[in-house]
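Below: one structure, written as structure tokens.
All values below were derived from every heavy atom in this structure, side-chain atoms included, with hydrogens, water molecules and symmetry-related copies excluded. In what follows, chains are A, B, ... by sequence order, proteins preceding strands, each numbered from 1.
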2 protein chains.
Amino acid sequence: MVTYDAAQLDLTDDQVDRIFRALADATRRDIIGRTLTEESSISELAHRYEMSFAAVRKHITVLEEAQLVCTHRSGRERRIRGNPEHLQKAQALLTTYERLWRERIDRLDALLAED
Amino acid sequence: MVTYDAAQLDLTDDQVDRIFRALADATRRDIIGRTLTEESSISELAHRYEMSFAAVRKHITVLEEAQLVCTHRSGRERRIRGNPEHLQKAQALLTTYERLWRERIDRLDALLAED
DNA sequence: GTCATATGTAACCATGTGGTTTTATGATCA
DNA sequence: TGATCATAAAACCACATGGTTACATATGAC
């Protein structure tokens with residue numbers, strides 16, 4: 001595929017899939033928001049949500065694979081931190097659509113101007 | 001949930017889930033791109049992809065439910081058209097994260113300035 | 001060393017997803 | 001009217017997802 005999307009951003013379709021997939025869950029979006037403003041451990045995060053540690057761990061794995069968060073172990077903890085770069089790539093993708101849309105408007109305007 | 005997200009955009013978590021979920025598939029992103037620049041029928045779209053009409057129809061249903069495209073019947077066809085408004089909402093959500101991130105930077109800067 | 005805490009990981013389960021094929025319905029055109 | 005084309009909708013399938021519980025392993029505190 002790679003027609004309207006990732007071309008400009010050196011992201012494969014697969015990577016783009018993973019990014020949007022990861023964003024498609026409220027808990028994961030919340031984790032992104034929190035770790036973007038403040039680094040956090042898994043269990044700190046797990047306390048905030050009504051689900052098991054294991055469930056939160058899985059969400060973090062999904063976010064890691066989408067590169068929307070970075071993690072590193074520090075002692076017995078794993079610290080999680082939001083990764084703004086990859087978020088900006090997602091944003092840039094949506095901007096691509098906006099550009100397409102504007103081009104369409106411009107073409108319609110041009111057509112109208114001809115008459 | 002609705003903490004870091006939808007609050008500003010009168011979208012429920014569920015709606016946001018649907019939007020990002022719908023964006024998490026290359027075929028669907030391609031359909032958005034095409035129908036944003038040019039209205040199209042389902043079978044016109046189906047010719048472009050190596051999958052059945054039924055599969056494409058399902059993708060369009062997903063996009064409709066996320067309100068990323070609008071559809072209307074015209075004779076025996078169903079015309080599909082990209083919906084830029086909802087795409088912009090998705091974009092606005094990502095902008096929210098950027099704002100959070102910038103606030104964090106500002107806070108860190110402030111801390112450094114204190115010392 | 002012992003114990004508590006944080007994490008990792010596996011097995012399991014219900015449900016959702018992305019595809020298929022098949023069959024039915026509806027609209028257009030000759 | 002009949003043939004054809006666009007769509008709709010259902011049944012089915014393999015696999016992914018989002019959760020669980022249970023158990024193993026690491027690390028820090030004492």
Side-chain angles (χ1 to χ4, degrees), chain A residues 1-2 5 12-32 34-35 38-81, chain B residues 1-2 5 12-32 34-35 38-81:
Chain A
M1 193 80 49
V2 192
D5 272 341
T12 65
D13 278 340
D14 226 63
Q15 287 177 299
V16 178
D17 288 1
R18 271 198 290 273
I19 290 174
F20 284 124
R21 185 116 222 9
L23 287 167
D25 179 282
T27 302
R28 287 198 290 263
R29 288 192 299 275
D30 201 71
I31 290 174
I32 292 174
R34 292 191 184 283
T35 58
E38 194 151 20
E39 199 176 288
S40 182
S41 73
I42 305 181
S43 49
E44 277 167 16
L45 290 169
H47 284 310
R48 300 184 174 277
Y49 307 109
E50 294 196 341
M51 64 186 74
S52 65
F53 175 92
V56 173
R57 182 63 180 101
K58 281 194 184 181
H59 282 307
I60 287 167
T61 300
V62 171
L63 289 169
E64 268 187 285
E65 284 170 356
Q67 293 181 263
L68 291 173
V69 303
C70 308
T71 77
H72 64 280
R73 278 204 82 145
S74 157
R76 62 179 161 180
E77 288 186 332
R78 176 171 296 279
R79 310 292 296 173
I80 318 294
R81 158 175 255 172
Chain B
M1 193 79 50
V2 193
D5 274 339
T12 64
D13 278 339
D14 226 62
Q15 288 177 298
V16 178
D17 288 1
R18 271 197 291 273
I19 291 173
F20 284 124
R21 185 111 221 17
L23 287 168
D25 179 284
T27 303
R28 287 197 292 263
R29 288 192 300 274
D30 201 72
I31 291 175
I32 292 174
R34 293 191 183 282
T35 58
E38 195 152 18
E39 200 175 288
S40 182
S41 73
I42 304 181
S43 47
E44 278 165 15
L45 288 171
H47 285 308
R48 301 186 173 276
Y49 308 109
E50 294 195 342
M51 64 185 75
S52 65
F53 175 92
V56 173
R57 180 63 181 101
K58 280 194 184 181
H59 282 306
I60 288 166
T61 301
V62 171
L63 289 168
E64 268 187 286
E65 284 170 355
Q67 292 179 265
L68 291 173
V69 303
C70 306
T71 76
H72 65 279
R73 278 203 84 143
S74 158
R76 62 178 159 179
E77 288 186 333
R78 176 171 295 279
R79 309 292 295 172
I80 318 295
R81 160 175 255 173

For [X] and [N], give me the distance from atom [atom1] to atom [atom2], rounded to whole Å.
X	N	atom1	atom2	result
B/E77	C/dG26	CD	P	18 Å
B/R21	D/dG18	CZ	P	8 Å
B/R28	C/dG19	CZ	C1'	12 Å
A/M51	D/dT17	CE	P	16 Å
B/E39	D/dA6	CD	P	16 Å
B/R57	C/dT20	CZ	P	16 Å
B/F53	D/dA8	CZ	P	6 Å
A/I60	C/dT7	CD1	P	8 Å

DNA chain C: 5'-proximal contact among B/H59 and A/R78 (nearest heavy atom):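 The residue whose closest nucleotide sits nearer the 5' end is A/R78.
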Sugar-phosphate only, base, or nothing, as touched by A/R79 at under 4.0 Å among non-hydrogen atoms: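 The residue A/R79 makes no contact with any strand.
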Closest non-hydrogen atom pair between [X] and [Y], with its separation:
X	Y	value
B/D13	A/R29	O-NH2, 3.4 Å
A/I19	A/L68	O-CD1, 3.9 Å
A/R73	A/G75	NE-O, 3.8 Å
A/D17	B/A26	OD1-N, 3.6 Å

First encountered from the 5' end of DNA chain D, between B/K58 and B/S43: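 So the residue in question is B/S43.
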Salt bridge flag under 4.0 Å for residues A/E39 and A/R79: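 Result for this pair is yes, salt bridge flagged.
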Separation between CG of B/L23 and CZ of B/R21, rounded to the nearest 0.5 Å: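 If we round to the nearest 0.5 Å, B/L23:CG and B/R21:CZ are 10.5 Å apart.
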CD1 on A/I80 to CG on A/L63, rounded to 0.5 Å: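 That separation rounds to 9.0 Å.
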Selection from C/dT21, D/dT4, D/dA11 that lies nearest to any side-chain heavy atom of B/R76: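 Shortest atom-to-atom distance from the side chain points to D/dT4.
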Nearest listed nucleotide, side chain of A/A54, among D/dT20, C/dT17, C/dG8: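 The answer is D/dT20, which lies nearest to the side chain.
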Presence of A/S52 side-chain N/O under 4.0 Å of D/dT21 phosphate oxygens OP1/OP2: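 Negative; the distance criterion is not met.
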Close approaches to DNA chain C from residues 62-75 of chain B, in residue order (heavy atom, under 4.0 Å): B/G75
